[in-house]
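Nothing here was measured: the structure is a model prediction, and the numbers come from that model. Letters go in sequence order (proteins before strands), and every chain restarts at 1. What you see below is based on every heavy atom in this structure, not just the backbone, and it leaves out hydrogens, waters and symmetry mates.
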Amino acid sequence: MNNQDNSKRKIFNHKAIESRWQKYWEENNIYKTPDKMADKENYYVLVEFPYPSGNLHVGHWHAFAVTDIFARYKRMLGYNVLYPIGFDAFGLPAENAAIKHGLNPRKWTEANIAHMSAQLRSMGAMFDWSRKVATIDPGYYKWTQWQFLQFMKAGLAEQKNVPANWCPSCKTVLANEQVINGACERCDSEVEKKDLKQWTLKITKYADRLIDDLDELDWPEEIKKSQKEWIGRSEGAEIDFPIKDSDEKIKVFTTRPDTIFGATYMVLAPEHELVKKWLEEGKIENKEDVENYIKEAKKKSEIERTNAEKEKTGVELKGIKALNPARKKAKMEDSEIPVFIADYVLAHYGTGAIMAVPAHDERDYDFAKKYDLSILQVVACGDLPCAEKAELINSGPFDKMGSEEAKKEIVNWLGAKMTKTYRLRDWVVSRQRYWGVPIPVVHCEKCGSVPEKEESLPILLPETDDYLPSDDGKSPLAKVPEFVNTTCPVCGAPAKRETDTLDTFVDSSWYFLRYIDPENEKEFSSMEKQKTWMPVDFYSGGAEHTTMHLLYSRFWQKALFDLGLVKDKEPYKRRLNRGLIMGPDGQKMSKSKGNVIDPDEVVANVGSDSVRMYLAFMGPYNEPGHYPWNPDGVVSIRRFLERVYGLKFAIKEESSEELKKLLHKTIKKVREDSERLKFNTAISAMMVFVRQAEKEGITKADLQAFLKLLAPYAPHMAEELWHELALGESVHTQEYPEFDEALIKEDTIKLAVQINGKVRAEIEIPADASEDEVREVALANGNIKKHLTDKEIVKFIYVPGKIVNIVAK
RNA sequence: GCCGGAGUGGCGGAAUUGGUAGACGCGCACGACUCAAAAUCGUGUUCCUUCGGGAGUGGGAGUUCGAUUCUCCCCUCCGGCACCA
């Protein structure tokens with residue numbers, strides 16, 4: 001047997017305890033969350049809902065079980081806490097499984113949801129299952145379609161030609177956010193650029209607000225910064241450069257209009273409209289060279305083209321000359337400048353054309369050197385090329401003016417305008433795959449692309465057995481005639497349905513609004529419910545969603561806000577990016593590495609409480625570090641819980657003053673650490689307390705207080721002991737214990753005494769001792785005396801309650 | 001290249017406003033128990049040491065009575081952006 005008499009730990013049967021209390025909680029509806037409770041404030045704790053894959057993994061436990069600690073803690077503090085659960089259930093894995101194993105994606109997904117739900121219940125989390133949401137339910141996606149229609153009517157959703165990212169392996173387009181280093185986010189295949197007609201959402205219209213509204217959010221700075229950089233706002237001017245002997249103009253975007261007098265040539269992207277036009281009109285003398293260059297540029301992948309290391313190439317458009325508008329207006333020499341095409345200028349950024357200022361831009365400098373173009377310094381910033389802002393030179397009327405001032409002055413003087421440009425592209429939401437929400441649009445020969453009637457929603461995803469995507473960019477839905485052939489909702493003539501489905505990130509852009517009103521058949525989420533729950537108070541999720549889900553759903557919320565459909569312009573008040581659990585070898589868990597930890601197995605061995613508490617103990621929850629799973633670590637938490645269980649045999653009538661003090665210090669520490677998500681140090685404090693209580697015994701009242709502290713961390717164990725000690729209904733409906741400030745204060749304190757910054761002694765003094773008293777005690781100390789022999793005290797420093805430092809020579 | 005964040009024992013980590021660096025846990029060592037092992041309990045555990053001490057939070061300088069904490073320079077790792085005009 002594991003339990004000998006010398007052990008204070010007591011083995012418990014975690015399986016019996018878990019099933020007993022999980023059943024009890026369910027039968028008594030402990031976690032059913034009302035929309036309103038008298039004299040309780042609502043608090044909404046959210047975790048990104050999972051994709052229903054085959055099995056729960058450790059990452060799911062880390063996400064849901066540890067956040068559950070926080071939710072339970074808030075609940076005990078007196079909030080009416082909503083902690084919902086659901087499934088983000090459309091998406092490629094189901095479809096790929098269907099193709100590979102001949103399964104039905106809906107059946108496959110629903111089976112996974114059932115299995116995962118059972119696994120999730122084993123966590124003993126305070127999920128309110130009555131609010132469960134799944135994006136594949138017609139009752140849910142009806143509203144996804146409905147919101148899409150509202151966006152369409154508001155001009156926020158439109159079908160247009162875009163340079164789309166095509167994944168040749170998934171055979172669908174992807175949004176920019178879903179292309180990671182030129183590869184598909186899902187399958188890692190290299191993504192191709194194709195011009196395709198796709199449904200897009202106008203997220204770019206919200207670029208400024210998506211940046212500016214970040215300021216009000218209680219989010220980690222690194223997330224805000226990443227989003228800002230992803231949106232990539234840059235402020236500058238749009239300036240027209242006239243073409244010589246023509247009415248045409250080249251519009252450029254520049255952040256440095258102050259350098260315009262040094263623009264000695266221009267560059268257009270090879271795809272620029274004007275190049276096409278001039279070629280057609282026969283204005284370009286070296287037509288063949290130019291056409292060849294364009295062809296070559298097309299062949300290169302995006303990654304090749306945007307590699308800064310690569311030597312710059314380009315071709316001059318012979319027969320075309322542009323005029324530098326500033327030099328011309330100031331009647332200066334050399335206002336006529338050559339025009340090039342070069343692939344270092346990108347068609348989809350700014351205006352697709354630049355004024356090149358080789359003296360003050362490294363890229364332009366390299367290019368000018370290579371093609372022997374003139375380089376003219378116009379800012380006194382040092383050795384060329386230099387981009388620092390400084391006083392202007394060789395700039396006619398603007399000489400001696402500083403860069404910043406000159407920017408505005410020059411733009412004004414030229415009659416140009418200041419403007420902003422963004423890296424962010426519109427969100428391409430159509431997917432050429434089966435397992436998603438059908439886009440509720442009908443294409444009619446007469447009426448064009450028209451929205452479905454709202455009363456026809458949901459447009460159900462049809463049953464089929466051919467899920468194979470095709471190379472021609474058509475969704476498998478195109479192969480289901482009963483689905484495709486319909487009538488126009490406007491004129492009633494025969495028409496064809498849109499066959500693309502929506503990106504799953506659309507489904508997840510509003511799920512938190514459904515949790516608060518899951519049964520509503522009239523609205524996607526009523527204003528009334530929003531008033532009680534929104535915005536989300538605390539949102540925990542993975543760092544990988546920073547520029548995907550987190551950005552999309554903020555946009556979605558803002559778009560709904562503008563339509564008067566939601567009450568908040570931001571969906572999430574506080575956001576936390578969680579860390580990652582690694583394999584025992586410190587590597588990312590993967591089947592091929594054989595370092596995957598199966599939570600079911602560990603839970604079977606040591607119990608749910610041990611697993612959730614170990615995951616909370618590994619490191620600070622609010623720092624997205626990488627924490628290796630230590631199999632011995634989870635066992636150590638189990639040992640801790642056995643000590644806790646053993647405390648019921650250590651109950652005595654009266655406990656020591658010391659233990660009482662320790663209890664109140666522990667309450668303070670655990671409470672504060674839980675609030676700041678430092679569950680690791682909260683657990684450490686509980687361990688210290690338990691060690692002491694075990695040693696000297698504890699009163700029932702003190703144990704009761706401790707169990708309340710433990711309850712959010714080890715809900716089953718806390719409940720078990722609560723009932724064994726006959727303390728009342730459920731520990732989880734109790735109020736959080738308060739600490740007594742008077743008990744935390746010490747009468748005497750231990751003080752380190754340093755000589756010249758080195759600790760030489762430790763003295764014990766009354767907490768309210770005066771400096772003179774402290775000095776007396778310190779100088780009387782034997783070791784201090786010894787170290788002060790032959791030395792003169794220069795200075796005596798006493799920082800009350802902290803330290804004594806004696807400076808001696 | 002630019003911008004963030006981080007770097008602390010063998011390992012995960014702690015140190016809330018500058019005040020005894022290494023809490024708590026893992027691992028390891030020794031002891032108790034045992035025929036023995038495991039388990040358990042106890043003790044120790046940053047490094048060096050002539051046992052007086054000395055060094056020490058990536059490296060180097062600085063401010064301070066005192067620096068993991070503040071300032072400057074450098075190195076490494078992680079993340080975001082990157083031919084973005």
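A cation-pi arrangement is present between A:R638 and A:F12 under the rule of less than 6.0 angstrom and at most 45 degrees off the ring axis.
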Pairs of donor and acceptor atoms involving the side chains of residues 579-589 of chain A, under 3.5 Å and at least two apart or interchain, shall be tabulated with distances.
unit_1: A:D585; atom_1: OD1; unit_2: A:Q587; atom_2: N; d: 3.0
unit_1: A:D585; atom_1: OD1; unit_2: A:N595; atom_2: ND2; d: 3.0
unit_1: A:D585; atom_1: OD2; unit_2: A:N595; atom_2: ND2; d: 3.4

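Using a 4.0 Å heavy-atom criterion, one finds that A:Q227 contacts no nucleic acid atom at all. Using a 4.0 Å heavy-atom criterion, one finds that A:E762 contacts the bases of the nucleic acid, with or without backbone contacts as well. Using a 4.0 Å heavy-atom cutoff across all strands shown, A:V807 reaches sugar-phosphate atoms only and no base atom. Residue A:Y627 is in sugar-phosphate contact alone, with no base atom involved, counting any heavy-atom pair closer than 4.0 Å across all strands shown. Within 4.0 Å (heavy atoms only), A:Q754 reaches at least one base atom of the nucleic acid. As judged by a 4.0 angstrom heavy-atom cut-off over every strand, A:V252 is placed among residues making no nucleic acid contact. Here A:P624 lies out of heavy-atom contact (under 4.0 Å) with every strand.
Both A:A752 and A:G633 sit near RNA chain B, but only A:A752 has its closest nucleotide nearer the 5' end. Looking at which nucleotide of RNA chain B each of A:R676 and A:R256 is closest to, the 5′-most match is held by A:R676.
Atoms CD (A:E388) and P (B:rC2) sit 12 Å apart, rounded to a whole Å. In this entry the distance linking CH2 of A:W629 with C1' of B:rG13 reads 17 Å, nearest Å. Counting to the nearest Å, the P atom of B:rG79 and the NZ atom of A:K225 are 12 Å from each other. Atoms OH (A:Y349) and C1' (B:rC81) sit 12 Å apart, rounded to a whole Å. The distance between atom CZ of A:R639 and atom C1' of B:rU40, rounded to the nearest whole Å, is 10 Å.
Taking only distance into account, the side chain of A:K312 meets the base of B:rC83 through a donor-acceptor pair shorter than 3.5 Å. Contact of A:D632 with B:rC26 (side chain to base): no donor-acceptor pair of N or O atoms is detected under 3.5 Å.
A distance below 6.0 Å separates the ring centres of A:Y265 and A:F367.
The side chain of A:R760 contributes no N or O atom lying less than 4.0 Å from OP1 or OP2 of B:rU20. An OP1 or OP2 oxygen of B:rC84 is reached within less than 4.0 angstrom by no side-chain nitrogen or oxygen of A:R233.
Looking at the side chain of A:F253, the nearest of the listed nucleotides B:rC26, B:rG19, B:rA85 is B:rA85.
For RNA chain B, the stems formed by at least three consecutive Watson-Crick or G-U pairs, with both atom-pair distances below 3.5 Å, span B:1-7 with B:75-81, B:10-12 with B:24-26, B:27-32 with B:40-45, B:46-48 with B:53-55, B:58-62 with B:70-74.
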